[in-house]
Amino acid sequence: MIALPKFYITTPIYYVNDKPHVGHAYTTVAADVLARWHRLKGDATFFLTGTDEHGEKAEIAAEKAGKSPKEFVDGIVSEYKRVWEALNISYDGFIRTSDPAHEETVAKAIEKIYANGDIYKGFYEGWYCIPDETFWTELQLKDGKCPECGRDVKLLKEESYFFKLSKYQDRLLKLYNDNKDFLSPKARAKEILNRVKDGLKDISITRTTIKWGVTFPLDKKHTLYVWVDALFNYISALGWPEGQKFKEFWPADVHLVGKEINWFHSVIWPALLLSAGIEPPKKVFAHGWWTSSGRQMRKSFGNVIDPVLMAEKYSLDAFRYTLLKTMPLGEDGDFSEDGLKTRLNNELVAELGNLLNRTVTIAAGFDGKIEGKPELDACLNVKLVDELMERLDTHGALEAIFSYIKIANKYVNDKEPWKLKGAELGNVLYNLLEAVRIISILVSPFMPGSSEKINAQIGAEPGNLGDCVFRPFNGKVVKGEHLFRKMP
RNA sequence: AGCGAGGUAGGGUAGUCUGGAGUGCCCGUCGGGCUCAUAACCCGAAGAUCAGUGGUUCAAAUCCACUCCUCGCUACCA
């Protein structure tokens, strides 16, 4: 049987100690764009995001707010959902690690891993900084003191259960070798590869001091460490082991993650899955980080970017476009309002908006037949755009789409339709309107709202990737408002 | 310190694996053209000892060695 094309993409689940900033927005918008692209292709698509709600930090934050952990995280979760709605995120599933169903899944998976002989009881030893309430490894210490605050640290020992990560070194290396794209992008791959080659240590997966989390099923005194429980969200959301969605969508095609959590997703997660007898995901892609106006984003610098504010001020699609156009997914980049404004004015207004506007203006004053021979189809390379998107090169895909927009703009200049009339003008308009219709489809994953506006003005239905070919134009042009407004 | 990535015009990048004229792209700057369009659109120009040194070669941004600089990762703070 030939498997139907399917696409399962995930964002990390976001930790609930603060409201979403541009970093969260970036990952989520990028995943949204990829999910929408696959829907255009007709793939059965499942796009998962969610929240990571357990652990000490959430517990403490709740206490400070005078709420129970559950009450507290409920509040943050609705904030996340509000932001995702504002950013037009088309998620299919929203997983919360405090859902009882998730907790049951985790417990079941842990039991399988235990049954496989990969969990044992031991002692966790670490250097503990009491004022910071943080454990450090020997390597992290700075001159034998806490690297964060410089104060003395104490060697503490506590009972803990361990996962035999060391046992999976060879199988992980085989996984990386058999699936060259598993570790993505390439620049990050070697980082992981070399560390795995250097050898893996077993990892402590439980704590006795924390209550807000999933109870360790084999010893109720212990609570699972929050990241262990968090990783399993990707399968609990699909109803592992028997759920229909799990059968349809697992393994994940892409886990999109920030580079700070690459280790967990590229090493620990597949090892846990292998141990539980579950197929590992196909790809873990670690994207880059944003600086803001040249500096690290920090509250104390006053340069933290609020995604909703940006969307309100400059239009949502200009913001989404800027996130994906500024740098390739794997790289770091700088976010600035000036940069956003420049892109809005010079690319969205001047290239895309202007193409639509001039086309529609000329078409509105034309009463002949809009028909002709395709002339603008040869320079359109939908296949290239698709290949770039398959490689998660959203940046390159946008460049390819916009280079086509430029060609269409140049076509207007070359043909000087304002000097033409009759069939000649009908032919030029035919080419422009078909180009605009196709461009609208191609940009729709990036800028869904703008795509709808374009369709309204040229009287086109929303299309899919198969519609990106020249055919008789049967829309009805209704000139509307400017697609984007220029900002001073 | 170990491991990794990178240093190409004012900024950002592609090209490096598989050597062959500094070739390309985006933004910015300057000049011209056009006028359907949101002072827009089109064309053109300026601008680079391709981090440095040494080597291999007929030929090096590209291969080799060394040096300098920047950034990331180093596991149980999600």
Side-chain angles (χ1 to χ4, degrees), chain A residues 12-17 51-58 97 124-126 129 132-137 139-140 147-148 160 162-163 165 185-198 200-207 225-231 257-264 267-268 286 288-289 294 325-328 330-334 338-339 342-343 345-351 353-366 395-396 398-399 402-403 406 409-420 425 428 432 479 481-487:
Chain A
I13 48 176
Y14 302 113
Y15 201 64
V16 289
N17 57 348
T51 43
D52 179 9
E53 308 187 359
H54 288 136
E56 199 175 8
K57 278 193 177 175
T97 56
Y124 172 65
E125 256 187 19
C129 174
D132 281 358
E133 298 180 337
T134 303
F135 275 99
W136 302 101
T137 61
L139 267 171
Q140 287 173 313
E148 197 86 338
S160 173
F162 283 76
F163 170 65
L165 183 62
K186 272 190 194 155
R188 302 258 145 233
K190 287 190 179 172
E191 237 163 61
I192 298 287
L193 204 58
N194 284 335
R195 280 178 62 195
V196 173
K197 277 183 188 162
D198 282 349
L200 294 167
K201 285 192 250 172
D202 294 345
I203 48 172
S204 157
I205 56 168
T206 69
R207 280 298 147 87
Y225 226 122
V226 56
W227 55 261
V228 180
D229 130 42
L231 285 169
V257 300
K259 60 186 182 182
E260 76 284 4
I261 51 175
N262 198 16
W263 179 256
F264 288 88
V267 180
I268 299 174
W289 273 26
K325 186 65 190 300
T326 301
M327 77 268 193
E331 312 271 314
D332 291 345
D334 185 60
D338 279 345
T342 304
R343 291 194 187 283
N345 292 341
N346 296 356
E347 295 170 37
L348 296 178
V349 172
E351 292 174 355
N354 189 48
L355 175 65
L356 173 69
N357 194 221
R358 63 203 308 208
T359 301
V360 166
T361 301
I362 299 167
F366 178 66
H395 177 259
L398 273 176
E399 280 195 347
F402 271 70
S403 76
K406 284 184 182 195
N409 267 319
K410 185 170 159 45
Y411 179 81
V412 179
N413 277 55
D414 292 347
K415 293 289 178 183
E416 303 186 307
W418 51 92
K419 292 182 183 169
L420 303 176
L425 180 52
V428 171
L432 286 174
K479 189 178 174 178
E481 287 181 359
H482 291 321
L483 202 51
F484 297 97
R485 191 174 318 142
K486 193 157 184 152
M487 294 290 282

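Chain identifiers are assigned alphabetically (A, B, ...) following the order of the sequence lines, protein sequences preceding nucleic acid strands; residue numbering begins at 1 within each chain. Note that the structure is a prediction, hence the values are computed from the model and not measured.
In this structure, B:U49 forms no base pair with any nucleotide, since neither Watson-Crick nor G-U wobble geometry is met with both distances under 3.5 Å. Across all strands shown, B:A75 remains unpaired; no Watson-Crick or G-U wobble contact has both distances below 3.5 Å. Summarising the base pairing, B:U16 is matched to no nucleotide, lacking a Watson-Crick or G-U wobble pair whose two defining distances lie under 3.5 Å. The partner of B:G6, taking Watson-Crick or G-U wobble pairs whose two distances both stay under 3.5 Å, is B:C69. Judged by Watson-Crick or G-U wobble contacts below 3.5 Å, the nucleotide B:A21 has no partner. Pairing partner, B:G44: B:C30, with both Watson-Crick or wobble hydrogen-bond distances short of 3.5 Å. Across all strands shown, B:C63 pairs with B:G55; the Watson-Crick or G-U wobble distances both stay below 3.5 Å.
Taking atom P on both B:G7 and B:C17, the two are 14 Å apart, rounded to the nearest angstrom. Taking atom C1' in both B:G54 and B:G12, the straight-line distance is 31 Å, to the nearest Å. Rounded to whole Å, the separation between the C1' atoms of B:A14 and B:U62 comes to 14 Å. Across B:U53 and B:A60, the matching P atoms stand 14 Å from one another, rounded to whole Å. Taking atom P on both B:A46 and B:G10, the two are 15 Å apart, rounded to the nearest angstrom. B:U70 and B:C25: their P atoms are spaced 33 Å apart (whole Å). Nucleotides B:C63 and B:U16 place their C1' atoms 10 Å apart, quoted to the nearest Å. For the C1' atom pair drawn from B:G15 and B:G22, the interatomic distance equals 11 Å after rounding to whole Å.
At a threshold of 4.0 angstrom between heavy atoms, the contacts of A:Lys410 are confined to the sugar-phosphate backbone, with no base atom among them. Contact annotation for A:Ile192: no contact, since no heavy-atom pair falls under 4.0 Å across all strands. Note on A:Ile268: nothing from the nucleic acid sits closer than 4.0 angstrom, heavy atoms only. At a threshold of 4.0 angstrom between heavy atoms, the contacts of A:Ser204 include nucleobase atoms, whether or not backbone atoms are also involved. At the heavy-atom level, A:Val412 lies under 4.0 Å from base atoms of the strands shown. Using a 4.0 Å heavy-atom criterion, one finds that A:Ile203 contacts no nucleic acid atom at all. Residue-level contact check: A:Phe402 touches neither bases nor backbone, having no heavy atom under 4.0 Å from any strand. Among the atoms of the strands shown, none is found under 4.0 Å from any heavy atom of A:Ala230. Contact annotation for A:Asn354: base contact, defined as any heavy-atom pair under 4.0 Å involving a base atom. Residue contacts for A:Val349: at a heavy-atom cut-off of 4.0 Å it reaches a base atom on one of the strands shown. Residue contacts shown for A:Lys201 include a base, since a base heavy atom lies under 4.0 Å away.
For A:Arg207, whose side chain is taken as the heavy atoms from C-beta onward, the closest listed nucleotide among B:A75, B:C76, B:A40 is B:C76. In this structure, of B:C27, B:C34, B:A37, it is B:C27 that holds the atom nearest to the side chain of A:Lys406. When the nucleotides B:G28, B:U38, B:G72 are ranked by their closest atom to the side chain of A:Asn346, B:G28 comes out on top. The A:Arg195 side chain lies nearest to B:U74 when the options are B:U38, B:U74, B:G4. Comparing B:G4, B:U35, B:G33 by their closest approach to the side chain of A:Trp418 singles out B:U35. Nearest nucleotide to the A:Glu416 side chain, out of B:A75, B:C42, B:C34: B:C34.
For A:Ile362 and B:A37, the CD1 to P distance is 8 Å, given to the nearest whole Å. Distance A:Lys190 NZ to B:U74 C1': 18 Å, rounded to the nearest Å. Remark: P of B:C26 and CD of A:Glu347 are 10 Å apart, rounded to the nearest angstrom. Between the CG atom of A:Asp198 and the C1' atom of B:C73 there is a distance of 12 Å, rounded to whole Å. In this structure, A:Asn409 places its CG atom 10 Å from C1' of B:A40, rounding to the nearest Å. Per the geometry, NE2 belonging to A:His395 stands 9 Å off P belonging to B:U13, to the nearest Å. The separation between A:Lys419 atom NZ and B:U35 atom C1' is 9 Å, rounded to whole Å. Between A:Phe484 atom CZ and B:A40 atom P the separation is 17 Å, expressed in whole Å.
Not one N or O on the side chain of A:Asp52 forms a donor-acceptor pair closer than 3.5 Å with the backbone of A:Tyr14. In this structure a side-chain-to-backbone donor-acceptor pair under 3.5 Å is missing from A:Asn345 to A:Ala350. A donor-acceptor pair under 3.5 Å is absent between the side-chain atoms of A:Ser160 and the main chain of A:Arg207, judged by distance alone. Under a 3.5 Å cut-off, the side chain of A:Thr97 and the backbone N or O of A:Glu53 do form a donor-acceptor pair.
Across the interface with RNA chain B, nearest-nucleotide mapping of A:Leu348 and A:Thr342 shows A:Thr342 to be the residue nearer the 5′ end. Looking at which nucleotide of RNA chain B each of A:Asp202 and A:Asn194 is closest to, the 5′-most match is held by A:Asn194.
Proximity of A:Val196 to A:Trp263: side-chain heavy atoms (C-beta onward) are separated by under 4.5 Å at one or more points. Side-chain contact between A:Val428 and A:Phe366 is absent, with no heavy atoms from C-beta onward closer than 4.5 Å. Within the 4.5 Å cutoff, side-chain heavy atoms of A:Tyr15 are placed close to those of A:Val226. At a threshold of 4.5 Å between non-hydrogen side-chain atoms, the residues A:His482 and A:Val349 do not count as touching.
Between the CG atom in A:Asn354 and the CG atom in A:Asn409 there is a gap of 5.5 Å [rounded to 0.5 Å].
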